[in-house]
Colleague: 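Please see the structure below; I have some questions.
The residues of the chain are indexed from 1 along the displayed sequence. The shown structure was predicted, so the numbers you read here are calculated from the model rather than taken from an experiment.
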Amino acid sequence: MTFYKHLRVCLLLVASLFLASQPAWATKRVALVVGNSSYQNAPLLPNPANDAAAIAATLKGAGFDVVDSRLNLAATDMRRALREFADQARDADIALVYYAGHGIEIDGTNYLIPTDARLERDTDIYDEAFSLDRVLLAIEPARQLRVVIVDACRNNPFADTMKRTVASRSISRGLARVEPTVSNTLIAFAAKAGLTALDGNSKNSPYAMALVKYIAKPGLDLRRAFGFIRDDVLQATGNRQEPYVYGSLGGEDVALVPAPKTQEPTPATNPQSEVRRDYELALQLGNKGALSAFLAQHPDGYYASLAKLQLNKIDAEDARVAATEKARQAEQQRARLASEGAQRADQEKAAADLKAADEARIAAERTKQAAQEQAAEAERKRTASETSAAGMLSGNKPAIENAAPDNAAAAASSQDDKGAKVAALSTPPLQADLAKSVQSELSRVGCFTGAVDGAWNAASQRSLALFNRHAGTKLDVKLASLDALDTIKLRPSRVCPLICDHGYRPDGDQCSKITCAEGSFLNDDNECEKRRGKQPVAKRNTNDRPSRADRSARESPQPTADLPPRQASPKSQSDGSRRSASGAGGQIYCNSLTCRPVKRGCHLEYRGGGGPYADPNAEVCN
């Protein structure tokens, strides 16, 4: 038995040595740190020299084998530094370059500017500056990992004086996006491509301060380190500067500084700890096959109950998807029968089937929601209990690891598999801290306006629901979870829209008062509207009203000269006919006394007026 025990310890030691040989724990690490502040033909940059000194001290303290720190390099010195560092990187496992100073982008290529550059025209960039590709070429021989950190996302200081030889050549602000062609290469910018970085108000830039805080943290994966750096810079600059990383790494954790090694291997592992790791692996995969395989290997106990809750959640989701599809098919069937004019009985049957399918769909959604809530509550209690148990463990009691889950397993194993309830230790202080963190992040993205007090009340739940609606997520609003915290942290800027009172309009992250110009007023739609003047009102003047006689004369039809003559007695008609030959075409002139033929050589003209005793025509003679 003693032989097997020693053999097991030897195997653990061999495994640790094997892990130590992986890329994450490289043996030789080299770094080149450059800070250009004193430019001869551009404004002085106070921060780069301070930033380079802080980064160099951090890397030296982290145990880098070579840290070559250079300040205020001219073109010749910069060329020599890159050439010498390429020799250092040839037999290194990790090579890192940090540059702080001026950098510009021309035609999609990024350039680092030496202190003696003039750049009188755009083509001078090829002779007086160094492209980022030249830096990547210097660190390419490194065996495992290559990192370039560019803290040069500032405005182009030569933009006003630089002449363009080709009008179509683009010179943008900030730096351009890059895609490394060599694997296991990361390129970190202080700001996203096309944007500029801030120097801050202290002797170091916000980006350099965050780098010093996280880049050499022992055991911290490099990708997570840059994620923490991004969060700190966003918070320090009010979401105005977002660092960005280009390139990709493999699945293993890669840290610039390895985690401290344990003094001695654990002589024995807790069986419950192995079950927990198996359960967490199955939970991470998150599919039915993985959970079923876990239950086949561990059919009983605390974690088996948790796995069954997760399976119930997956089954409920599958049932919901099936019910939704059945309801969709029933709706299509009903619509088809209605369009084809099927018999009434068939249409009624299709409508009944659709109603039943909708009811089944709603029931499936409710079941899925209940299963999700039950599984989420169980996971919350498990996380809280394990955290509490880990906090109570002392340094001289390694054998009682996971004591709380063991006790909870004994309680959970006695319950029915279908309705298993998770028994776990409650830790209100831990949950309050988590709720406070979620509230703080919700406030940062504009979804929470209450007090950040750690009380997960109705206002906090409404704020998380508001975040779900605007971010398109489906986080559980009933409790503050780590998933919610991580999801909200991924949002770099405001998610929920800013709502202002009447008379104010959104202005960034604040509400500004609306001021209307003279002669305008603020209407109910919160917009300035021009004030209208008073319109004149028409009034009736009784003194100007025409008399009834005038109105009747004006409104009566007016006779014309061609109207037929008045009817006369037969005798008068005969006399008129006899005189027509000597008259003017048979025209008759009448006045208040008599009627007579128009004289020879005369004719009638209409002069207006007229009435029962007056002829409106006048006799006009040539």
Colleague: Does some side-chain heavy atom of Asn110 sit less than 4.5 Å from a side-chain heavy atom of Val150?
Modeller: no

Colleague: Heavy atoms only: give me the nearest Gly503-Leu522 pair and the separation to one decimal.
Modeller: CA-CD2, 3.4 Å

Colleague: Can you sort out the partners of Ala95 under side chain to side chain contact (heavy atoms under 4.5 Å, CB included), two or more places apart, ordered by chain and number?
Modeller: Val30, Phe85, Ala89, Ile139, Ala142

Colleague: Give a yes or no answer on whether the side chain of Asp51 reaches the backbone of Ser205 with a donor-acceptor pair at less than 3.5 Å.
Modeller: yes

Colleague: Could you pull out the closest heavy-atom pair between Ala31 and Leu59, with the gap in Å?
Modeller: CB-CD1, 3.6 Å

Colleague: Are the side chain of Arg491 and the backbone N or O of Arg444 linked by a donor-acceptor pair below 3.5 Å?
Modeller: no

Colleague: If you apply the rule side-chain contact (heavy atoms from CB on, under 4.5 Å), what do you find for Tyr99 with Ile149, and how did you get there?
Modeller: CA-CA 6 Å; Tyr99 172 81; Ile149 303 175; over 6 Å; no

Colleague: Checking side chain to side chain donor-acceptor pair (under 3.5 Å) against Glu373, which of Lys368, Lys478, Lys313 comes through?
Modeller: Lys478

Colleague: Can you list everything that forms a side chain to side chain contact (heavy atoms under 4.5 Å, CB included) with Arg336? Sequence neighbours excluded, please.
Modeller: Gln333, Glu340

Colleague: With side chains defined as the heavy atoms from C-beta onward, is the minimum distance between His298 and Tyr303 less than 4.5 Å?
Modeller: no

Colleague: Do the side chain of Asn204 and the main chain of Ala208 share a donor and acceptor less than 3.5 angstrom apart?
Modeller: no

Colleague: Would you confirm whether Arg240, through its side chain, and Thr237, through its main-chain N or O, come within 3.5 Å as a donor-acceptor pair?
Modeller: yes

Colleague: Are Cys516 and Phe521 side-chain neighbours, meaning at least one heavy-atom pair lies under 4.5 Å?
Modeller: no

Colleague: What distance do Leu249 atom CG and Glu252 atom CD have between them, rounded to the nearest 0.5 Å?
Modeller: 11.5 Å

Colleague: Heavy atoms only: give me the nearest Ala357-Ala330 pair and the separation to one decimal.
Modeller: CB-CB, 4.2 Å

Colleague: Would you say that Tyr111 contacts Glu105 through its side chain, given a criterion of any heavy-atom pair below 4.5 Å between the two side chains?
Modeller: no

Colleague: Taking atom CZ as the centre, does Arg223 end up with more than 12 heavy-atom neighbours from other residues, nucleotides or ligands that are less than 6.0 angstrom away?
Modeller: yes

Colleague: Return the minimal non-hydrogen interatomic distance between Asn36 and Ile113, and the atom names on each side.
Modeller: ND2-O, 3.3 Å

Colleague: side-chain contact (heavy atoms from CB on, under 4.5 Å), that's the test. Do Leu136 and Val148 meet it? Break it down for me.
Modeller: CA-CA 8 Å; Leu136 293 174; Val148 178; 3.7 Å; yes

Colleague: Going by heavy atoms in the side chains, are Asp476 and Ser481 under 4.5 Å from each other?
Modeller: no

Colleague: Can the ring centres of Tyr214 and Phe228 be said to be less than 6.0 Å apart?
Modeller: yes

Colleague: Keeping to residues at least two apart or across chains, list the side chain to side chain donor-acceptor pair (under 3.5 Å) pairs with something in residues 178-189.
Modeller: Arg146-Thr185, Arg177-Glu179

Colleague: Considering only heavy atoms from C-beta outward, does the side chain of Cys511 approach that of Arg505 to under 4.5 Å?
Modeller: no

Colleague: Taking Cys496's backbone N and O only, do any of them form a donor-acceptor pair with Arg469's side chain (distance below 3.5 Å, no angle check)?
Modeller: no

Colleague: Looking at every non-hydrogen atom in both residues, tell me the closest pair between Pro258 and Pro218 and how far apart they are.
Modeller: O-CB, 3.6 Å

Colleague: For the pair Ser520 (side chain) and Cys528 (backbone), establish whether a donor and an acceptor sit closer than 3.5 Å, ignoring hydrogens and angles.
Modeller: no

Colleague: Counting only N and O atoms by type, is there a donor-acceptor contact under 3.5 Å from the side chain of Glu242 to the main-chain atoms of Leu234?
Modeller: no

Colleague: Should the pair Lys530-Glu518 be classified as a salt bridge under the 4.0 Å nitrogen-to-oxygen rule?
Modeller: no

Colleague: So which heavy atom on Ala350 is nearest to which on Leu337, and how close?
Modeller: CB-CD1, 3.6 Å

Colleague: Please check if the side chain of Ser443 supplies one atom and the backbone of Gln439 the other of a donor-acceptor pair under 3.5 Å.
Modeller: no

Colleague: Under 30°, 30 to 60°, or over 60°: which ring-plane class applies to Tyr246 and Phe189, parallel, tilted or perpendicular?
Modeller: perpendicular

Colleague: If you measure from the Lys or Arg side-chain nitrogens to the Asp or Glu carboxylate oxygens, is any gap between Asp315 and Lys288 under 4.0 Å?
Modeller: yes

Colleague: Got a second to check how far Arg224's CZ is from Lys217's NZ, nearest 0.5 Å?
Modeller: 8.5 Å

Colleague: Any salt bridge between Lys213 and Asp232, counting N to O under 4.0 Å?
Modeller: yes

Colleague: Counting N and O atoms only, with roles assigned by atom type, does the side chain of Asp221 sit under 3.5 Å from a partner on the main chain of Val254, one being a donor and the other an acceptor?
Modeller: yes

Colleague: Within the 4.5 Å heavy-atom criterion, are Leu145 and Leu222 side-chain neighbours or not?
Modeller: yes

Colleague: Determine, step by step, whether Leu306 and Leu283 satisfy the side-chain contact (heavy atoms from CB on, under 4.5 Å) criterion, reporting the C-alpha distance in whole Å, the side-chain angles of both residues, the deciding distance to 0.1 Å, and the verdict.
Modeller: CA-CA 10 Å; Leu306 295 180; Leu283 186 63; over 6 Å; no

Colleague: Would you say CG of Asn523 has more than 12 non-hydrogen atoms from neighbouring residues, nucleotides or ligands within 6.0 angstrom?
Modeller: yes

Colleague: Evaluate side-chain hydrogen bond (donor to acceptor under 3.5 Å, both in side chains) for Thr473 paired with Asn468, printing each intermediate quantity in order.
Modeller: CA-CA 5 Å; Thr473 56; Asn468 282 336; 2.6 Å; yes

Colleague: Does some side-chain heavy atom of Phe467 sit less than 4.5 Å from a side-chain heavy atom of Leu442?
Modeller: yes

Colleague: Should Ser460 and Phe448 be marked as a side-chain contact (heavy atoms from CB on, under 4.5 Å) after you check the CA-CA gap, both sets of side-chain angles, and the distance that decides it?
Modeller: CA-CA 7 Å; Ser460 300; Phe448 182 68; 3.8 Å; yes

Colleague: Between Thr487 (side chain) and Asp483 (backbone), is there a donor-acceptor pair under 3.5 Å?
Modeller: yes

Colleague: With a 4.0 Å cut-off on N to O distance, would you call Arg328 and Glu331 a salt bridge?
Modeller: no

Colleague: Does Glu280 come within less than 4.0 Å of Arg277, counting only side-chain N to carboxylate O?
Modeller: no

